[in-house]
Amino acid sequence: MNTAQEESRKMTVKDLITVGIFTVIYFVIFFICAMTGMVPVMAIFYPVLIALIAGIPCVLFFTKVQKFGMITIMAVLTAVLLFLMGYGYPGIITGLVLGLIADIIMKSGDYKSFTKMVIGYVVFSEWVIGTQLPMFIMGNAYAEQFREMQGDEFVDGLEKLISWGMCAVVAVCVAVAALIGVFIGKAVLKKHFERAGIV
Amino acid sequence: MNMPESGTEEVLINFDPRTKLLLLIVVNTVIISDSGSPVIWWLKIAFVILVFLLLLDMKKIKMSILYVVIYALAMLGDHILVSGSINGMSMGGLVLRIVVYLIERMLPSVMLAWFVLHSTKVSEFIAAMQKMHLPQTLTIPFAVIFRFFPTISDEYSSIQDAMKMRDIRFGTGIGRGIEYRMVPLLVSVTKIGDELSAAAMTRGLTTDTKRTSYCSVGFHASDAAAFAMMIAGSVLFVTGLIWG
């Protein structure tokens with residue numbers, strides 16, 4: 001009995017494959033949303049869009065998660081892939097920390113409580129801000145390096161938006177969007193996946 | 001319909017998966033950087049040519065020529081924008097700037113990623129990761145990610161076709177547009193995931209014993225050359241960053 005429990009706590013190959021699949025889906029959504037960053041406003045607010053749209057795959061992912069650590073691995077792998085694509089390395093740190101916290105929150109509900117899932121997803125969604133941190137830390141110097149490539153209009157628009165206050169606004173917007181996203185995800189889960197026998 | 005499987009393309013010179021990983025890291029870092037330094041500009045050109053040669057290595061002659069031509073056109077566009085003969089604020093200037101920016105920053109990386117995905121077998125990749133003594137918790141998701149990029153784009157284009165047939169477009173409602181694409185995609189990838197886990201079991205990934213591999217991965221002269229090139233490139237890149 002004891003060993004069986006021990007076994008079920010360890011991650012199986014099937015779990016790891018699930019992590020890999022959802023990492024790819026999350027990464028693709030991230031990438032498409034981040035493309036809207038060609039517009040200055042979206043360069044600041046793309047995490048909001050991600051939190052909203054990624055709700056559907058994430059809710060499906062969370063219902064499939066039963067082992068501790070899966071969310072952390074997903075967040076870190078996504079951040080590493082994004083780092084390779086040229087996003088800031090602080091994303092790896094926020095991914096690790098917030099992924100772990102989300103894991104702990106959902107673990108406390110045994111990965112079955114929907115309330116815990118909502119809180120967990122809101123916390124998890126905030127990690128995306130880590131990919132923006134270089135911008136907020138460096139301030140206008142960050143925007144200036146794009147002047148030649150992106151043009152004056154983009155840089156001036158961006159400089160008006162970069163401030164720590166704005167970072168807080170983004171964080172709040174992400175939380176709200178994540179909240180909406182997770183309920184959309186839940187609705188889609190009910191409408192499609194439960195009927196199809198995926199969950 | 002032909003299924004684009006990863007690692008099924010023939011190559012003239014094969015590299016170790018670890019070498020390809022290093023190539024990805026160094027080339028992407030340089031290509032994506034936004035430095036005005038002339039050293040880095042030349043380094044970027046060298047890497048663009050390197051990616052061209054790698055595509056030739058896969059005997060993708062048409063693709064490699066198309067890639068170089070598109071990149072050259074983007075450089076021309078960049079030149080026009082910088083010289084100021086087109087107003088960057090006008091509608092045309094804005095569109096041109098976005099297109100040029102996307103091509104210059106992303107095309108080489110995308111082509112290199114395509115090369116890596118299509119020239120490496122998944123088992124080769126796993127064997128190399130095991131040689132690096134990475135734990136299974138990282139090796140397996142990485143291998144899945146690796147295999148899944150081609151699969152997802154393939155599945156997505158099939159779904160896209162199906163939705164076109166039913167006349168469901170993004171124009172008819174963005175929410176519906178997302179729902180009717182995301183849901184079938186998620187259903188099919190979870191199914192593929194189940195099949196993958198069954199396949200993994202037959203390949204003995206579930207056992208705790210050390211796996212042997214049929215693929216021989218190891219460093220050869222070509223890998224040493226690539227490593228030397230990447231180290232030289234990194235040194236130049238850092239020099240360029242410091243001294244401009």
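Because the structure is predicted, anything quoted here is derived from the model rather than measured. First the proteins, then the strands, lettered A, B, ... as listed; each starts at 1.
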Go through Y46(A) and I32(A) one step at a time and tell me if the side chain to side chain contact (heavy atoms under 4.5 Å, CB included) criterion holds. CA-CA 10 Å; Y46(A) 71 82; I32(A) 293 169; over 6 Å; no
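Of the atoms belonging to T29(B), not a single heavy atom falls under 4.5 Å from chain A. Looking at I25(B), both its backbone and its side chain come within 4.5 Å of chain A, counting heavy atoms on both sides. Interface remark: I17(A) contributes backbone and side-chain atoms alike to the contact with chain B (heavy atom separation under 4.5 Å). With a 4.5 angstrom heavy-atom cutoff, I184(A) does not touch chain B via any of its atoms. Residue L185(B) does not touch chain A at all, counting heavy-atom pairs closer than 4.5 Å. In this structure, chain B has a heavy atom under 4.5 Å from the side chain of V28(A), while its backbone stays farther away. For L77(A), the part lying under 4.5 angstrom from a heavy atom of chain B is the side chain only. Only the side chain of M106(B) comes within contact range of chain A, with heavy atoms under 4.5 Å apart. The contact between M35(A) and chain B is made entirely by side chain atoms (from C-beta outward), counting heavy-atom distances below 4.5 Å. Proximity to chain A is absent for every atom of L24(B), based on heavy atoms less than 4.5 angstrom apart.
At distances below 3.5 Å, not a single donor-acceptor pair connects side-chain atoms of Y71(B) with backbone N or O atoms of I45(B).
Checking M74(A), K67(A), K64(A), K14(A) one by one against V19(A), the side-chain contact (heavy atoms from CB on, under 4.5 Å) holds for a single residue, M74(A).
Between W127(A) and Y26(A), the two ring planes are tilted [angle within 30° to 60°].
A donor atom on one side chain and an acceptor atom on the other are not found under 3.5 Å apart for T18(A) and D15(A). Looking only at atom types and distance, the side chain of K20(B) has a donor-acceptor partner in the side chain of S119(B) under 3.5 Å away.
Taking the six-membered ring for Trp and the full ring otherwise, the centers of F114(A) and F183(A) sit less than 6.0 Å from each other.
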